[in-house]
Each structure stands twice: as C-alpha cells, then as structure tokens.
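Notes follow the structure.
In what follows, chains are A, B, ... by sequence order, proteins preceding strands, each numbered from 1.
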There are 4 protein chains.
Amino acid sequence: MDVRKGAGAGRPRDPGIDTAVLTAAGRQLDDRGFQALSFESVARTAHTTRAAIYRRWPTRTHLALAVVAWRLDVPPAPDTGCTLCDLAEGMKVFLSAFRTLRPDVLNAIHVACANDEELRAEYRRIVDEPPRAVVTGLLQRAQRRGDLREDVDIGSLLDILNAVIHHRAVVGATHLSNDEAEALIEILMRGAASDYERLVAHSRTIDIQHSLPL
Amino acid sequence: MDVRKGAGAGRPRDPGIDTAVLTAAGRQLDDRGFQALSFESVARTAHTTRAAIYRRWPTRTHLALAVVAWRLDVPPAPDTGCTLCDLAEGMKVFLSAFRTLRPDVLNAIHVACANDEELRAEYRRIVDEPPRAVVTGLLQRAQRRGDLREDVDIGSLLDILNAVIHHRAVVGATHLSNDEAEALIEILMRGAASDYERLVAHSRTIDIQHSLPL
Amino acid sequence: MDVRKGAGAGRPRDPGIDTAVLTAAGRQLDDRGFQALSFESVARTAHTTRAAIYRRWPTRTHLALAVVAWRLDVPPAPDTGCTLCDLAEGMKVFLSAFRTLRPDVLNAIHVACANDEELRAEYRRIVDEPPRAVVTGLLQRAQRRGDLREDVDIGSLLDILNAVIHHRAVVGATHLSNDEAEALIEILMRGAASDYERLVAHSRTIDIQHSLPL
Amino acid sequence: MDVRKGAGAGRPRDPGIDTAVLTAAGRQLDDRGFQALSFESVARTAHTTRAAIYRRWPTRTHLALAVVAWRLDVPPAPDTGCTLCDLAEGMKVFLSAFRTLRPDVLNAIHVACANDEELRAEYRRIVDEPPRAVVTGLLQRAQRRGDLREDVDIGSLLDILNAVIHHRAVVGATHLSNDEAEALIEILMRGAASDYERLVAHSRTIDIQHSLPL
DNA sequence: TGCTAAGCGAGACGGTACGTCCCGTCTTAAT
DNA sequence: ATTAAGACGGGACGTACCGTCTCGCTTAGCA
C-alpha cells in the first residue's frame, strides 16, 4: 500500500505522520463512514498536509484499506476436536474481525475497488483471505475426520458463510448475531455433514466441558 | 421516492423530465458507477437543471434508487409441480433482476443508505422484497407438498440465498453464474429437503418434459 | 407605476394585495436594505405570489419606488417673513422626507435607475421634486423681497443644498444634523444674500417670537 | 483590500491573476455597472476560477473597491499663486478622478458599504480622502495668504464641494461639467473670500499668462 | 563539512460539484 | 382576468475537496 521507493537518500519520512494519519482516518471512518473520508479533513485532524498523505497513499481507497489492514488481527484456528464447536469458534473469527469496523465501511471500500483489479486483490488479501484461511483449515480437518461428506465442496460452503455474514452486516445494517450464526451453521451442516445428529451429540459433550460461547 | 405533495395545484411536473433524468442517470450508473453519479452531469445530459431534479429526488441516493425501481421488473412465481425446478426458475428471478444493474451500483446505493433508516427501508422494498416474495411463495408451496422438512425456517433459507447472490455480485465483481446457483441450491436442499434424492429424481422427469434451462 | 390596463372585464385586482405587498416591501427595505429586497421574499411575507406582484410592478426598482412614493408626504412651504427662518424650516422638509427612509435605500434605488431614463424621471418626480419645489418657492420669495442678490442662480443653490443632504446621508451613513444644516445655510447665504448681517439680525427678532426649532 | 496573511509560506500568488481579475472586473463595471458584477463572470472572462478571486477579495464590494483603488491616481496639488486658479485646477483633480469611473458605480459601491463600517472606511480612504487632501492643502494656503476669511471652516467647504460633485454625478447621471464647477466655486467663494472681487481680478491676470482651462 | 535529495508546512492553482436562492416565465384549476 | 400554487430553464452564490504545483525550510546520509 505504502508507496516507498528506493529509500536511502533524502530526508526520511516521519513515521509519526503515518500513525497520525491512520489514526485520524480510522476515527473518521468510524464516525462518519467512508464517503466522508477526505484527504482534506484527515490532513487537518492529523495536523499535516494533503501532500504528505498523497506521498504515502495515492487515493482515499488505498488509505482506507491501509486503515483496515492496520486494524484487523485474525487469531489462529481453534482445534477442539468437535467439528460443530470448531465451526462456531471459527465463525467468531469472521465476526470479530468485521466487528472492529463499521459494516458499511468495508462495503464502501469494496465498491470503491470495483474498477481497479489490483485494488480488489488487495482487498481480498486483507479482508477476505485471513478469516477464510482459518475456516478452510477447520473444514478440511473435519472432512479428514469424516465429519463432512467427501463430495462437499468446501469452497462453496465458505462462499456461503462469507456471503451471509457480509450481507447481513450490510443489508441489516448490523452484524450477524451469535444465534443467527448458529442457525446458519445448522442449515449448512445438515446438508454437508455425513451424520448431523452424531455431530450434535458430540458437540453436547464438549460443550459441557469447555462451554464454548459463540 | 418521488416527493410529490398536495398535487392538484400549480403547474404540473413535466413527465418528460422524469424519464429524461432517469434515463440519463441510468446511463451514468451503467457507465461509471454510483460514485460518479452527479446531479450536475445528469442535469447536463438530460438537458434540464439541477433544481428540476432536486424537486423530484432530494439526494443522489434517492435518484439512484428511483432508477433501480424504474428498471426492476420481477415476473410472477413459476409453478411446475417440481420443487427443484421451481427453485431453479425462482433463482432466475433474482438473477435477472440484478443483472440489469452493475453489481457495484446496488452495493454502493446500499452503502449510501447506511445512515438513513427510511432510505434503507426503501431499498429493501424496491430491491430485496420483490424477488424474495416470489421465492417465499415457492418454498411455502414446497413445504405444503411435503418436499421441505416441517422444521425448516424459510426465512433463514431466503436470507442465505439472498446473501450469496448479493455477496458474489459484489465481492466477485460478477453476478452468480447458473452453475453456481445450482450448486448453492443443492447444498441448501440437501439440508432442507425431507428427501433430497426423491426431489432430484422427480426433477429429472420434469426436466425432460419441460427442459427448463436455468 | 402601477401598470393597470383597460380594467373592466374579468376579476378585479385584490386591493388588499397592493397594501400587503407595499407594507412587506417597506419592512424589508427598512430591515435589510434594497439589495435584499426580492420578489420572492416579499411575496412570501405578503402571503401572495410573485405573479401577483409582477402584475403590478415590473421590477423590484419599480416596487421600491412605489414604497417610497407611498411613504413620502411633503408638507407645504412655510412663510414667516424671515428668510433665514424660512430656509431653516424648508430644510426640515428635505430632512424629514429623507428620514423616513434608510439613507442607503434611496441611494440604492437611484443606482438601480441609472440605466433607465424613464425610471430616473420617476425617481426625480417622487423623491427630488417635492422638497425642491418647496425650497424653490421660498428662495424666490426671498429674492423678490430683496434678501437675495439679483444675480444668484436659485437652481444652483438648490443643487448644492440637495447635494449636501444626499451626500452626507450616504457617505456619512447618517442624515445631516440640524447644526450642520445651519452651518450650511450660513455659508451659502453669506455668498448669496444681499446683506447677510441684516438677515441674521432679523432672524433673531423672529426667533424670539416663533422659536422655530430646526 | 487584498487579504494577504502571513506571507512567506506557501506557493506565492500569481500576480497575473490579480491584474487579469481587476481588468476583467473593471471592464464589467464599465460595461454593465456594479449590480452586474459577478464573481462568476469575472472569473470566466479573467480565465480563472471563483476560488482564486475569493482568496483575494471576500465580496464583490471589496473587489469593486480594489478596481477603483487600482484606477484612481490623484495628482499633487497645483500652486499658481492665484487662489481661484488653484481651486479650479484642484476641482480637476476631483473630476478627473471620478471621470475614470461610471458615476453610478461609485454610488453603488458606496451603498454596498452601508452596513459595514470597515468597508465604508476603506471607501473613504480610497475614494474620498485623496482628492480631499489636495483641496484641503490648497484652501489652507489661501487662508494663510489672507484670501479666505479667518472664520471660514475649511472642512465644511470641502464637504460641500465633495457633496455637489458626488451628487451631481449620481443624481444627474452625469459628472459635473466645467461650467457648473465654476459656478459652484463662485457661490462658495463669494461667501468665503475676504475680498471676492480682488480674487477675480487677480485670477484674470494669471489666466492670461497660464491659460488654465478648467 | 558541505552537498544533495527527499520530506515537510503552507498555501495557491484550475477544476468540479455541491445545495440554495432568486429570477422571470409558464401552466393549471379555482374564483 | 385574477388568484394561489408551483414547475420551468437559467444564473449565481459561497463552500468543500480534488490532485497538482511552488515555495522556503528541515533533516538526513554520503562525499
């Protein structure tokens, strides 16, 4: 994102400006959304100048993505030995990652990426991939354990999970609640599990021991 | 959308302006997306003035929604007697409705509705509800026929369908293909059908007779 | 001013509108000056429509002049037998006429008349002539009495009086005070009287009897 | 007028814009008067933008005053040794200064200053003071020479001169002619000179030598 | 130590669009 | 024919940002 060339000669960039700008931009995204994010006002509240920001990020979309990248921090995949529990826990990864940002902001950034393939890839790398990777590993493990049918396409399942979370956030203007996440998992697992009832039973025993709240 | 008060008195609005503006705005949405939609340029290309547009739609979001409402035309629900075929056909309703618009445009409009409850409701009324109503009827019929399990929550199923279509359009920058739609239906029906295999078998016999292409 | 054609046929004009408009326009001239006088706001505060005003006065300059004509009411010339007293009293005619209006308003109206000979004549007829006529008679009488030199051009004197009043009002943003008016009369009469000292002496005797406050 | 703050930092203003704008504004004042002076059209004909003009002059009144200041150039006071000749020559200063501008424009500017004390002071500084200073010196010299009576208030005389010039320009929609100026001087000097006839006689001898045309 | 290349703040530049206000004209239905 | 109501095309307002530029000053690393 940060467009730094052959550093070495010349005065080095003031790193304080980087953080000041990202902080100010983040605040502004939180307060008034992406459409209200302007170089002008960010420069003003970060006590710097537009030029200093342009030197680092060429468009406000790049800047906003930098803010997202700066904030998101996806924890590693859980492994409780219980497929349903793992899934529920994995969903938390998605949800908590998204909950650090206003739902509409992510969406707006994405829209802004619409006409720039490179930017869209950046978005996927930063926003989509990390939580997806976590759940992918989790489902593959489940399939190896025999909890998922052999012919289930994990990619499709992930698409659905991802989609529902995004859509709910955006259309409902609120993130998916834990109950809704559970309902979603049930629907999908009924179709994808080799023996759904067994999974539920197993999940109960684990629940008692670990009491994993979604 | 169109903010008409105590009609009757005063010079009536020129309906030619309505269509000229909607046409121009539509063109601009198609060509350069929502973010490039400006009252200024719409007025210019529709050969009218900003004021005449403001009189009808107070913000460009309202205008864009009016364009969407003007374009979308959802056909009635099919009833072939075959649940899978009906579903596939119903998906077409969703898909064709969305395919008349750039995927990112819908999303951008939605983002713009984020901070306005009334506008968001309008969006739902125009964009979400019509195709949703079609598929709702369709799934209820299937449930009455005994093709869907009694305990399946139709609302949840619809949420998923809706979400996947929207998300794919937006994140993938492309609308859901027919194959993907079929894969999605399979996953969901495996979990929701009382006897999925029977549905598939029945679908085959119908397919031969009616050759319903998705 | 009022542009009434061949009245007789059709619905008659509502005279209430005339007064309502003149009142509203007058208020607006008093409060915010000529430049802020708009058909729009006058129509609004007079609870009528622009068209009804246009029917009566074609431009806001005509309207403003109508307000002035409606207000100004010049009293007849005094005749005390004392030239200086008469003059002082005559000045009151000028001053009181102007004091019913904001100084800048008259000036602004005049500017607005600059490019319209007919309108300028109207202005002269309404604003300049009445007080001028009063003082003209007064000076002619003085000249007949032998108080003014035979070779004094009364027109020039009037020009000067008129000018000083106008200019002071406009440049000083305040109307001429009575003391200043007296000083002005002194300067002019010193040059124009056949025997200034005698006039002053005469004025003193009259003053005692009539105590004419300026 | 020109609102330049802590000069030194930042990109310096393009002085070409200053002159282009003043030229364009001057042209517009000459052609269509003050009321037709708009930032929009000035920007257009000066091939620049409204913002660049706003940066220099906050209102069109300031702009118009800047045009006046840019144009007026008052020559120093004459000293011929003949009071009447000096006065006549001094009047030329007033007159030529005002003749570079449409009479109604000055007036309109003044009206626009009506509600702004600071602006009105600016107007006085630019328009009134310079010629006034010239004639003040001239009359003081005459008084020292004994040509003017000791008890004559020079300020009052100046007020009158100033007023008549302004008023005639504005009300008559034309500047004072030379003959009228002479008549005015005569009236005032008759009242103010210690010996008017002597001044006239002296003036004749000078006239022959220098032939000062008014 | 002094050169040079960049960073930096300040702020002007030509632009585009905003949302508002008023203009003077018109169309309609009601009086 | 006038009225209230209100739409019409048009023009200008003053503001906000855009992305670029020109300055003079600061801050390094390299010679």
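- The distance from atom CG of B:D116 to atom OG1 of B:T59, rounded to the nearest 0.5 Å, is 8.0 Å.
- Taking atom CD1 of residue D:I17 and atom P of nucleotide F:dT22, one finds them 13 Å apart after rounding to whole Å.
- Contact annotation: B:T48 side-chain N/O to F:dG9 OP1/OP2 distance is under 4.0 Å.
- Projected onto DNA chain E by closest heavy-atom contact, A:P12 and C:A51 fall at different nucleotides, the more 5' of which corresponds to A:P12.
- OP1 or OP2 of E:dA17 lies within a sub-4.0 Å distance of a side-chain N or O belonging to B:R44.
- Side-chain atoms of A:R13 come within 3.5 Å of backbone atoms of A:R55 as a donor-acceptor pair (strictly under, hydrogens ignored).
- Distance CD1 (B:I53) to C1' (F:dG9): 12 Å, rounded to an integer number of Å.
- Using a 4.0 Å heavy-atom cutoff across all strands shown, D:R60 reaches no nucleic acid atom at all.
- Dashed line: the shortest gap from a side-chain N or O of D:S41 to OP1 or OP2 of F:dG11 is not under 4.0 Å.
- Summarising the geometry, the separation between CD on A:Q35 and P on F:dC17 is reported as 11 Å, rounded to the nearest angstrom.
- When distances are taken from the side chain of B:S38 to each of E:dA17, E:dC13, E:dC8, the shortest belongs to E:dA17.
- B:R13 has its CZ atom 16 Å from the C1' atom of F:dG9, to the nearest Å.
- In this structure, B:L37 and D:A52 both approach DNA chain E, and ranking their closest nucleotides by distance from the 5' end singles out D:A52.
- When the C1' atom of E:dT20 is taken as reference, atom CZ of B:F39 falls 13 Å away, rounded to whole Å.
- Using bins of under 30°, 30° to 60° and over 60° for the plane-to-plane angle, the ring pair C:H110/C:Y123 lands in the perpendicular bin.
- At least one side-chain nitrogen or oxygen of D:R56 sits closer than 4.0 Å to the OP1 or OP2 atom of E:dC13.
- Residue D:R11 places none of its side-chain N or O atoms closer than 4.0 Å to OP1 or OP2 of E:dC13.
- When the shell of 6.0 Å around CZ of B:R27 is examined, it contains 12 or fewer heavy atoms from other residues, nucleotides or ligands.
- For F:dT3, neither phosphate oxygen OP1 nor OP2 lies less than 4.0 angstrom from any side-chain nitrogen or oxygen of C:R50.
- Contacts of D:T49 with the nucleic acid, taken as non-hydrogen atoms under 4.0 Å apart, include base atoms.
- Note: CD (B:E40) to C1' (E:dT20) measures 14 Å, nearest angstrom.
- Regarding C:D18, its CG atom lies at a distance of 12 Å from the P atom of F:dT2, rounded to whole Å.
- Rounded to a whole Å, the OH atom of C:Y54 is 18 Å from the P atom of F:dG6.
- A 4.5 Å side-chain heavy-atom check between D:L22 and D:L63 finds at least one atom pair inside the cut-off.
- For D:D14, whose side chain is taken as the heavy atoms from C-beta onward, the closest listed nucleotide among F:dC18, E:dC13, F:dC8 is E:dC13.
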